[in-house]
Each structure stands twice: as C-alpha cells, then as structure tokens.
Visitor: 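Sharing a structure here in structure tokens format.
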Amino acid sequence: MEQESILIHTEFIRLDALLKYAGWAETGGEAKLLIQNGKVTVNGEVCTQRGKKLRAGDTAGLGGRLVTVRAGA
C-alpha cells in the first residue's frame, strides 16, 4: 500500500478537499463521486460523508493508497 502524509495548518481538512489536495481527484465533483460511491475510507472504514472533517492523525484511503493527516506549525 502506497502511503504518504498531508500537512495541514488548520484544525481540520474536509474529506473532499483532502482528495483534491492529495491529487486523487481533480475536481470537487470527482471527489464527491468517489466518496458517494463508497470508494474512500477514513480510519479504515468506508466513509460517504464528503464534508467529513479529518484532523491530525486521521487517515484516508483510496485504491491501495493511504494518506495520513499531519499538523503543521
């Protein structure tokens, strides 16, 4: 499984924004479809809430890729 980290400088990042930031979706519409179709996991469980707030330590997965949210200074 390919794993990477995303550094955020805010309290949280919404799941749909994370997919775009990680380069997994080019548009918000594409991110929405991936999430609604049950293709995205958050902390190991399928998540269909595109507004789901991910905080430092949370993970998101899609198609064998995994990204961990890290807090920046």
Side-chain angles (χ1 to χ4, degrees):
M1 180 171 281
E2 182 182 329
Q3 188 166 356
E4 60 185 284
S5 293
I6 294 290
L7 189 65
I8 61 170
H9 300 282
T10 56
E11 179 185 347
F12 63 86
I13 185 169
R14 286 176 31 138
L15 181 56
D16 56 351
L18 177 72
L19 295 183
K20 292 189 297 182
Y21 189 63
W24 296 354
E26 291 189 22
T27 66
E30 184 180 352
K32 177 182 174 181
L33 288 175
L34 289 170
I35 295 164
Q36 285 181 339
N37 289 330
K39 301 203 181 280
V40 180
T41 61
V42 172
N43 298 325
E45 296 185 16
V46 173
C47 181
T48 56
Q49 303 170 357
R50 76 176 192 191
K52 174 79 173 166
K53 295 176 182 176
L54 282 80
R55 293 176 167 77
D58 287 336
T59 60
L62 174 67
R65 296 174 287 182
L66 190 66
V67 67
T68 302
V69 177
R70 302 269 182 231

Visitor: If you look at every heavy atom in E30 and T27, which pair is closest and at what distance?
Guide: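 Closest heavy-atom pair between E30 and T27: N-OG1, 3.0 Å.
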Visitor: Which pair of non-hydrogen atoms, one from S5 and one from R70, has the smallest distance, and what is that distance?
Guide: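 Residues S5 and R70, closest heavy atoms: OG-NE, 3.6 Å.
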Visitor: Do F12 and V69 come close enough that some side-chain heavy atom pair is under 4.5 Å?
Guide: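 Of all side-chain heavy-atom pairs linking V69 with F12, none is under 4.5 Å.
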Visitor: Ignoring hydrogens, what is the shortest heavy-atom contact between Q36 and T48? Give both atom names and the distance.
Guide: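 Looking at all heavy atoms of both residues, the shortest contact is O-CG2, 4.3 Å.
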Visitor: Do R50 and R14 touch side chain to side chain, with heavy atoms closer than 4.5 Å?
Guide: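 Answer yes - side chains close enough.
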Visitor: Should V40 and L19 count as side-chain neighbours, where that means a heavy-atom distance under 4.5 Å?
Guide: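 SC-SC contact between V40 and L19 confirmed.
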Visitor: Any donor and acceptor pair, going by atom type alone, linking the side chain of D58 with main-chain N or O of R55 inside 3.5 Å?
Guide: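 Yes; at least one donor-acceptor contact below 3.5 Å.
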Visitor: For the atom pair CD1 (I13) and CG (L18), what is the distance rounded to the nearest 0.5 Å?
Guide: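 One gets 5.0 Å once the value is rounded to the nearest 0.5 Å.
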Visitor: Which distance, rounded to the nearest 0.5 Å, do you find between the CZ of R65 and the CD of Q3?
Guide: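 Between atom CZ of R65 and atom CD of Q3 there are 13.5 Å.
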Visitor: Quick check: closest heavy atoms across L34 and A25, and the distance to 0.1 Å?
Guide: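 Minimum heavy-atom separation between L34 and A25: CD1-CB, 4.3 Å.
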Visitor: Would you name the heavy atoms of L54 and T59 that are closest together and state the gap between them?
Guide: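 That closest heavy-atom pairing would be CD2-O, 4.2 Å.
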Visitor: Taking all heavy atoms of Y21 and all of L7, pick out the closest pair and write down the distance.
Guide: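 So the minimum-distance heavy-atom pair works out to OH-O, 3.8 Å.
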Visitor: Check whether any side-chain heavy atom of C47 sits under 4.5 Å from a side-chain heavy atom of T41, and report yes or no.
Guide: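 Not touching, per the 4.5 Å side-chain cut-off.
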Visitor: List the steps and the verdict of salt bridge (charged side-chain N to carboxylate O under 4.0 Å, His left out) for E26 and K20.
Guide: CA-CA 6 Å; E26 291 189 22; K20 292 189 297 182; over 6 Å; no
Visitor: Tell me which one of V46, D16, L62, V42 satisfies side-chain contact (heavy atoms from CB on, under 4.5 Å) with I35.
Guide: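 By the side-chain contact (heavy atoms from CB on, under 4.5 Å) criterion, I35 pairs with just one of V46, D16, L62, V42: D16.
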